[in-house]
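First up is the structure itself, then whatever we jot down about it.
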Amino acid sequence: MSINKALTIAGSDSGGGAGIQADLKTFQELGVYGMSVITAVTAQNTLGVQGVFPMSAQAVEQQLASIGADLRPDALKTGMLFSSEIIQIVAAAIRSYNWERIVVDPVMIAKGGASLLQQEAIDAMLHHLLPLADVVTPNIPEAEALSGIVITDSASRQQAAKRIHEYGCQHVMIKGGHEADTVYATDLLYDGKTFTEFSSRRLHTPHTHGTGCTFAAAIASGLAQGLSANEALRLAKNFIHAAIAEPLYIGSGHGPTNHWAYQRGVRAGAASSDVIIVNNDAYAGGTR
Ligand SMILES: Nc1ncnc2c1ncn2[C@@H]1O[C@H](COP(=O)(O)OP(=O)(O)OP(=O)(O)O)[C@@H](O)[C@H]1O
Ligand SMILES: Cc1ncc(COP(=O)(O)O)c(N)n1
């Protein structure tokens, strides 16, 4: 039996809902062997982030070297990287080990408002990491910070995606979780030519801690198993929709998503897809 391996390079969330913990749970549920490089330890629960403790450059370098010397990942995702120094170390390792199928979740600010990336590190993200990415998955505030464009409507979201794509990544997926109250949670994909929307019904729940981490880890799981970017994004959108739809009601704040829900649904023979995909070539001409 061949086993596909995925690596997460991210921060630890002591509460278990986001970061490394969400990523490893997602890898496990989607049938890939999970590995981790920890960039920072956070003291965190469903009420917020109480402390951030970045790892030393040497600790990050050595974890990457240990993986590089022995365990070639079939895909990897990055999450909280915290500093420009750590971003540059990660980018150098990706290049030197020729790691492929890279998902960059440009984590900047936790839902509770705590900063998970130093402001001056945005430049390093743009110039060192984005050129290596197959898929980059900013939420709306992160897309604004990366592109310098204020997103107010679908035209400005397309513009932001185009601007981010110019840094050299293959696919930009601007996630819609942070949009104002809409019927659908719609993520916009740009592959350099075409815009495609991935939508699922917006769920009304405070239990969305770690949605972005889980989504990016599901994309990496799909890529590790040989899916195309489009197929992996569809899988990830279904995985996160199921995980939000059946909250665990853990903690007294913004609770984690349910990493068991997608496979439970598959085992129970649930409809294969909650996701509506609209491939609209009119977008490519910027007509909407
Ligand atoms: N209330 C919701 N209902 C349905 N889907 C949602 C909801 N909130 C987020 N999503 C989906 O979850 C995925 C992650 O999106 P989101 O914009 O929340 O990421 P994020 O802000 O980076 O997450 P995080 O807060 O963990 O960093 C996207 O596919 C998005 O459409
Ligand atoms: C270690 C770590 N990584 C990422 C997030 C973002 O998740 P959220 O925005 O849901 O708080 C987080 N809170 N903690």
Side-chain angles (χ1 to χ4, degrees), residues 8-24 26 36 38-55 77-82 103-117 135-146 151 157 173-189 197-219 232-247 251 253-257 261-262 274-277:
T8 168
I9 305 173
S12 163
D13 167 7
S14 54
I20 289 278
Q21 288 79 0
D23 296 342
L24 291 175
T26 304
S36 64
I38 297 183
T39 55
V41 170
T42 70
Q44 191 171 170
N45 54 26
T46 66
L47 299 172
V49 178
Q50 291 83 39
V52 173
F53 306 92
M55 304 296 285
K77 66 142 290 204
T78 66
M80 174 187 182
L81 297 176
F82 190 68
V103 181
V104 173
D105 181 17
V107 171
M108 294 181 189
I109 295 173
K111 285 220 170 69
S115 176
L116 303 178
L117 184 76
V135 186
V136 56
T137 61
N139 61 26
I140 288 175
E142 289 158 356
E144 291 181 331
L146 293 173
I151 298 176
R157 210 203 281 203
M173 181 73 144
I174 302 186
K175 299 172 293 189
H178 290 244
E179 256 180 323
D181 202 19
T182 46
V183 176
Y184 292 100
T186 297
D187 305 339
L188 178 69
L189 173 67
E197 287 182 341
F198 291 66
S199 297
S200 66
R201 191 161 285 280
R202 181 173 295 278
L203 300 156
H204 297 282
T205 167
H207 303 301
T208 55
H209 175 52
T211 49
C213 307
T214 300
F215 182 67
I219 301 168
L233 286 161
R234 186 190 185 107
L235 168 71
K237 186 75 175 145
N238 276 307
F239 189 92
I240 192 62
H241 187 85
I244 300 170
E246 288 179 38
H254 287 284
T257 69
Y262 175 81
D274 288 311
V275 176
I276 302 155
I277 297 176

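Everything numeric in this text was worked out from a predicted model, so none of it was measured. Atoms within each ligand, like the ligands themselves, are counted from 1 in listed order.
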* Which is it for Ala110 and ligand 2 at heavy atoms under 4.0 Å: side chain, backbone, both or neither? -> both

* Tell me, which residues have any heavy atom less than 4.0 Å from some atom of ligand 1? -> Lys111, Asn139, Lys175, Gly177, His178, Ala185, Asp187, Arg201, Arg202, Leu203, Gly210, Thr211, Gly212, Phe215, Lys237, Ile240, Ile244

* Asked: Are any of the N or O atoms of Thr42 closer than 3.5 Å to those of ligand 2?
  -> no

* Exam field: side chain Ser36 to backbone Ile38, donor-acceptor pair closer than 3.5 Å -> no

* In the protein, what heavy atom is nearest to atom 9 (O) of ligand 2, and what distance, to one decimal place, separates them? -> Lys111 N, 3.1 Å

* Short question: side chain of Lys111, backbone of Thr208 - any donor-acceptor pair under 3.5 Å? -> yes

* **Top protein contact for atom 7 (O) of ligand 2, by heavy-atom distance** => Ala18 CB, 3.8 Å

* Can a non-hydrogen atom of Gly210 be found less than 4.0 Å from any atom of ligand 2? -> yes

* Structure fact -> Which of Asp105, Ile240, Thr211, Ile140 passes side-chain contact (heavy atoms from CB on, under 4.5 Å) with Lys175? Answer is Asp105

* Close side-chain approach of Met55 and Val41, heavy atoms under 4.5 Å -> yes

* Asked: Just which atoms of ligand 2 are under 4.0 Å from any heavy atom in Gly11?
  -> 1 (C)

* Set of residues satisfying side-chain hydrogen bond (donor to acceptor under 3.5 Å, both in side chains) with respect to Glu246, sequence neighbours excluded -> none

* Asked: Hey, what do you get for OG1 (Thr78) to CD1 (Ile9), rounding to the nearest 0.5 Å?
  -> 7.0 Å

* **Gap between atom OG1 of Thr26 and atom NZ of Lys77 - 0.5 Å precision** => 8.0 Å

* Out of Ala22, Ala10, Gly19, Gly17, who gets a non-hydrogen atom closest to atom 2 (C) of ligand 2? -> Gly19

* Could you tell me whether Ala114 approaches ligand 2 through its side chain, its backbone, both or neither, with non-hydrogen atoms closer than 4.0 Å? => neither

* Please write down residue, atom name and distance for the protein heavy atom closest to atom 4 (C) of ligand 2. => Cys213 SG, 3.5 Å

* To do: Examine distances only and state if a side-chain atom of Ser115 and a backbone atom of Ile109 form a donor-acceptor pair shorter than 3.5 Å.
  => no

* Judging by distance only, is a nitrogen or oxygen of Gln44 under 3.5 angstrom from one on ligand 2? -> yes

* For Asp13, does its backbone N or O pair with a side-chain atom of Gln44 as donor and acceptor, under 3.5 Å? -> no

* Keeping the roles fixed (side chain from Arg202, backbone from Gly177), state whether a donor-acceptor pair exists under 3.5 Å. => yes

* Just let me know how Leu116 lines up against ligand 2, side chain, backbone, both or neither, with a heavy-atom cut-off below 4.0 Å. => side chain

* Close side-chain approach of Arg201 to Val183, heavy-atom, < 4.5 Å -> yes

* Can you list the ligand 2 atoms lying under 4.0 Å from a non-hydrogen atom of His209? -> 8 (P), 10 (O), 11 (O), 13 (N)

* Can you tell me if Gly79 has a non-hydrogen atom under 4.0 Å from ligand 2? -> no

* Asked: Taking Thr257 for the side chain and Gly210 for the main chain, is one N or O donor matched with an acceptor at less than 3.5 Å?
  -> no

